[in-house]
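Beneath this line is the structure, given in structure tokens, with notes to follow.
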Amino acid sequence: MAEILKIVEESDRPAEFVEALAKGLAILECFDAAHSEMTLSEVARRVGLSPAAARRSLITLQTLGYVGQTNKHFHLRPKVMTLSSAFYFSAHIDEVLQPNLRALVEQFGDASSVGTLDGDHVIYVAHVSVQRARRAAAVIGARYPAGATSLGRVLLAGQSDEALEHYLQTAKLEALTSKTVTDPEVLRQKIMAVRADGFATTVDQLDYGITALAVPIRNFEGRTIAALNTSGYTGMVTPESMIAERLPALREAASHIAHAMSRYPVLQSTMGT
């Protein structure tokens, strides 16, 4: 069952909750690189709906132009991108975040991203890269397990003790590589170190070949609402070299972003929720 439906089933639904809308969004979210096209039964199974309910949602989405169909297989259509572009422009991502990421990439090469928490995952809201390697893509809108990324560990470190404990007890810590931390206690120790140091480093946690360094972006109250990272190829950079060469610039960029975000209430209010 799609995560969006799990969330609404486990929480108290307000009187105005529209279940049909939730099902439609869950169907849009169930498509990914491994499931780019699916039959009706495959969609229903992935979302946890009856075939009849899945069919009604698919027909509605198809009529609106968000879903297409080839023979018996459904697929997303480009119109889906208008949903993310609406956030991108209304939140002024290009004005507030992208310039700082471009400056970091111009200075160090490689890649730089901004992310925020989305449940047990980190979602990338801005990204700039000069990399061409075939590995986990940090494109805007990508979602990855928080514990396996430098961004996610910084964001988890900024959570309350209660929220962090809930994450460690309930999150599925899957082995994405042979080096991915899957022991909750080991991950707890690493997150505690992030709290003490004010930054996080990861090596080959999300995918082989990714070494990253991340720092928090805090609002005027001092609460971590997003995270900023820089990443490079494992073997060409090390955590130690990144800390020595990039940490000051990364912290300065995070400060600039935090200051700029204070002028855009919509962007600030969407982060850290």
Side-chain angles (χ1 to χ4, degrees), residues 1-7 10 26 29-36 38 42 45-48 110-125 127 129 131-159 161 163-197 199-216 227 229-243:
M1 184 178 294
E3 184 174 328
I4 186 172
L5 291 186
K6 288 182 182 178
I7 293 172
E10 293 172 357
E29 289 188 354
C30 82
F31 289 88
D32 56 28
H35 305 87
S36 58
M38 292 179 282
E42 289 171 334
R45 185 165 53 251
R46 275 182 60 78
V47 181
D110 300 323
S112 184
S113 306
V114 170
T116 191
L117 278 181
D118 181 32
D120 293 343
H121 291 68
V122 59
I123 184 168
Y124 289 73
V125 297
H127 177 73
S129 174
Q131 298 173 347
R132 301 290 186 269
R134 293 189 61 186
R135 62 186 201 181
V139 297
I140 296 174
R143 294 172 71 255
Y144 293 114
T149 67
S150 61
L151 292 171
R153 291 185 183 181
V154 164
L155 293 164
L156 290 170
Q159 295 290 290
D161 290 341
L164 176 58
E165 188 63 30
H166 180 267
Y167 170 83
L168 292 170
Q169 291 183 2
T170 61
K172 292 180 62 177
L173 303 181
E174 300 180 3
L176 305 174
T177 74
S178 62
K179 296 183 178 182
T180 305
V181 174
T182 57
D183 185 326
E185 288 305 314
V186 174
L187 183 56
R188 184 199 308 277
Q189 294 173 13
K190 292 186 176 297
I191 292 173
M192 290 300 102
V194 174
R195 279 188 178 178
D197 297 335
F199 62 84
T201 59
T202 54
V203 179
D204 297 348
Q205 290 289 301
L206 178 64
D207 197 0
Y208 291 109
I210 303 177
T211 294
L213 168 68
V215 297
N229 84 348
T230 176
S231 63
Y233 292 107
T234 302
M236 297 185 68
V237 295
T238 65
E240 294 76 17
S241 68
M242 295 186 94
I243 292 169

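When reading the values below, keep in mind they use all heavy atoms of this one structure, side chains included, and skip hydrogens, waters and symmetry mates.
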Taking the side chain as C-beta and beyond, is there a heavy-atom pair between S178 and Y208 under 4.5 Å?
yes
I'd like to know whether D161 forms a salt bridge (charged side-chain N to carboxylate O under 4.0 Å, His left out) with R195, so could you lay out the CA-CA distance, the side-chain angles of the two residues, the decisive distance to 0.1 Å, and finally the verdict.
CA-CA 11 Å; D161 290 341; R195 279 188 178 178; 2.7 Å; yes
Kindly indicate, with the supporting measurements, whether the criterion side chain to side chain contact (heavy atoms under 4.5 Å, CB included) is fulfilled by I191 and Q159.
CA-CA 10 Å; I191 292 173; Q159 295 290 290; over 6 Å; no
Nearest heavy-atom pair of A34 and D32: which atoms, and what distance?
N-OD1, 3.0 Å
With sequence neighbours left out, write down each residue that passes side chain to side chain contact (heavy atoms under 4.5 Å, CB included) with A227, or none if nothing qualifies.
L151, V154, L155
When you check the side-chain N and O atoms of T234 and D204, is any donor under 3.5 Å from an acceptor?
yes
Separation between OH (Y233) and CD1 (I210), nearest 0.5 Å, reads 10.0 Å
Please report the closest heavy-atom contact between D110 and S231, naming both atoms and the distance.
CB-O, 2.6 Å
Given side chains that start at C-beta, do those of L213 and I243 come closer than 4.5 Å, heavy atoms only?
yes
For residues L173 and P145, determine if any side-chain heavy atom of one lies less than 4.5 Å from a side-chain heavy atom of the other.
no
Salt bridge (Lys or Arg N to Asp or Glu O under 4.0 Å) partners for E185, two or more places apart:
R188
Heavy-atom pair of closest approach, residues C30 and M38
SG-CE, 3.5 Å
Can you check whether H166's main-chain N or O pairs, donor with acceptor, with T170's side chain at less than 3.5 Å?
yes
Would you name the heavy atoms of R153 and G147 that are closest together and state the gap between them?
NE-O, 2.8 Å
Are any of the side-chain heavy atoms of V181 and Q205 separated by less than 4.5 Å?
yes
May I ask you to check whether over 12 heavy atoms, not counting those of M236, lie within 6.0 Å of atom CE?
no
Are side-chain heavy atoms of Y124 and T149 found at a separation under 4.5 Å?
yes
Tell me, with the steps shown, if N229 and M242 meet side chain to side chain contact (heavy atoms under 4.5 Å, CB included).
CA-CA 11 Å; N229 84 348; M242 295 186 94; over 6 Å; no
Locate the shortest heavy-atom distance separating S150 from A200; write the atom from each residue and the value.
O-CB, 3.7 Å
Could you give me the CA-CA distance, side-chain angles and deciding distance for L187 and Y167, then say whether side chain to side chain contact (heavy atoms under 4.5 Å, CB included) is met?
CA-CA 11 Å; L187 183 56; Y167 170 83; 3.9 Å; yes
Separation between CD (Q189) and CG (D183), nearest 0.5 Å, reads 8.0 Å
Begin with the C-alpha distance, continue with both residues' side-chain angles, and end with the deciding distance and a verdict on side chain to side chain contact (heavy atoms under 4.5 Å, CB included) for H35 and R46.
CA-CA 10 Å; H35 305 87; R46 275 182 60 78; 3.2 Å; yes
Side-chain heavy-atom pair D207, L176 within 4.5 angstrom cut-off
no
